[in-house]
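Remarks on the structure that follows.
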Amino acid sequence: MKSCGVVVEYNPFHNGHLYHLEESKKHAEADCMIAIMSGNFLQRGEPAIIDKWYRTKAALHGGADLVLELPFLYAVQHSDYFSQGAIQTLAEVGVDSICFGSENGRITAFTEAFEHMNKHQEEYDVTVRRYLNEGYSYPEASRLGYESIAFPSGSIDLTQPNNILGYSYVKQLLTYAPDIEPLTVLRKNNHYHDEEIHGKIASATSIRKELLEEEGMTEKAEQSLPPSTVEVLHQYKNNHGIWHDWEAYFHLLQYKIMTMEESTLRCFHGVDEGLEYRLKRTIKEATTFHQFISSLKTKRYTWTRLQRTLAHILVGTDKQEARVFLRETPPPYARILGMSETGKKYLRAVKKETSIPLITQPQQLDHEMLDLEARAAAAYYSVLTPERRVDQLKREYGPPVIHS
């Protein structure tokens, strides 16, 4: 069976994602589509609007055959670690190709950029360090680093979010899994950060904004979603009474930060360069999450970096623990969240060839990274009613979603 991997978040699964899956399958001439998906917390440091089980259902309805979970520690990271966890896991389950969406749409632009970077890596690194020392954020220092090595005309624009992730995927592929074919699909009709819905293909950002602001499904949101996703969103809201966003967690985050000493805060992953003092000062005056993070944000600390750090504080990710885990190559296991009949057949064919355990339930493996996953689940479901929280924490130890 020929397989194609995609790296996704599906927050929520929308018509653009449907297009990407369909086009990826065509480009790769694949029999089996394998999605590796962030769990309940996402790469930008946000809680997913609905949990990973419901998002898995939407993915399987939309054409994915196998959904794997990208562990929390890799999911809530900058692009290099995010792509490392995703690409190396997909390589371990034997995919033939990996296809990503990009603003560029030409795979040769990404491979040429990788070759150019290899020739100028030292100059790039020196430039990035200089700008970081001057107080610039990492994304801005990286942008200036790319400018310093003069990418050739027609190369990729590495200020665009999907191009950045795509470049990281290609870098991981060409470095660690050169036998896997990289492919890309041009994004249609919208920008990653667009906040307004315009037509049937809209950004996930704009869809979440519409759902959360209107506190329910609207005609505008519905037109941008497959019917199966609309149903899944309704099911989650009806069953759990909530669509998740940071404001729901602010009181918990505020309690943690206000009752901790600076020395304790300093131990969490992402709390660097004296950020613990700024956290303690700022939290006392904030009444909402938006107000808090707006006050925290500086030239050095971007909104996304801060959200990731706050997610790690909420979950309790120890800095030393994270460093040890992130050195593991490849990731220590692959957890299966859901599968179709095609996905089942694929797993039977590759199971004996993988060098990492493929698990369907966390109790099948004793590994400290799974303890971190349990904490991430506890944090995510902490805003539900007690009865629902108990049910969902039990679900964490249940079987994958099966789609027939």
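Because only heavy atoms are used, hydrogens play no part in the values below, and waters and symmetry mates are left out as well, while side chains stay in.
Closest approach of A221 and E210 over heavy atoms only: CB-CG, 3.9 Å.
A distance of 6.0 Å or more separates the ring centres of H17 and H20. Y169 and F100 have their aromatic ring centers within a separation under 6.0 angstrom. In this structure, the ring of Y255 has its center no less than 6.0 angstrom from the ring center of F250. Between Y74 and F82, the ring centre distance reaches or exceeds 6.0 Å.
A donor-acceptor pair shorter than 3.5 Å cannot be found between the side chains of T108 and T111. Side-chain polar atoms of E285 and S295 form no donor-acceptor pair below 3.5 angstrom. With no hydrogens or angles considered, a side-chain donor-acceptor pair links S102 and T184 at under 3.5 Å.
Cation-pi geometry between K57 and Y54 is met: under 6.0 angstrom from the ring centre, within 45 degrees of the axis. Cation-pi geometry between K299 and Y136 is met: under 6.0 angstrom from the ring centre, within 45 degrees of the axis.
We find that E23 and K26 are joined by a salt bridge, their nearest charged nitrogen and carboxylate oxygen being less than 4.0 Å apart.
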Would you sort out whether Q77 and H269 count as a side chain to side chain donor-acceptor pair (under 3.5 Å), showing the intermediate values? CA-CA 10 Å; Q77 289 290 352; H269 185 52; 3.0 Å; yes
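Residue-environment remark: NZ (K351) stays at or below the threshold of 12 foreign heavy atoms within 6.0 Å.
Residues M369 and Y333 are in side-chain contact: their nearest non-hydrogen atoms beyond the backbone lie under 4.5 Å apart.
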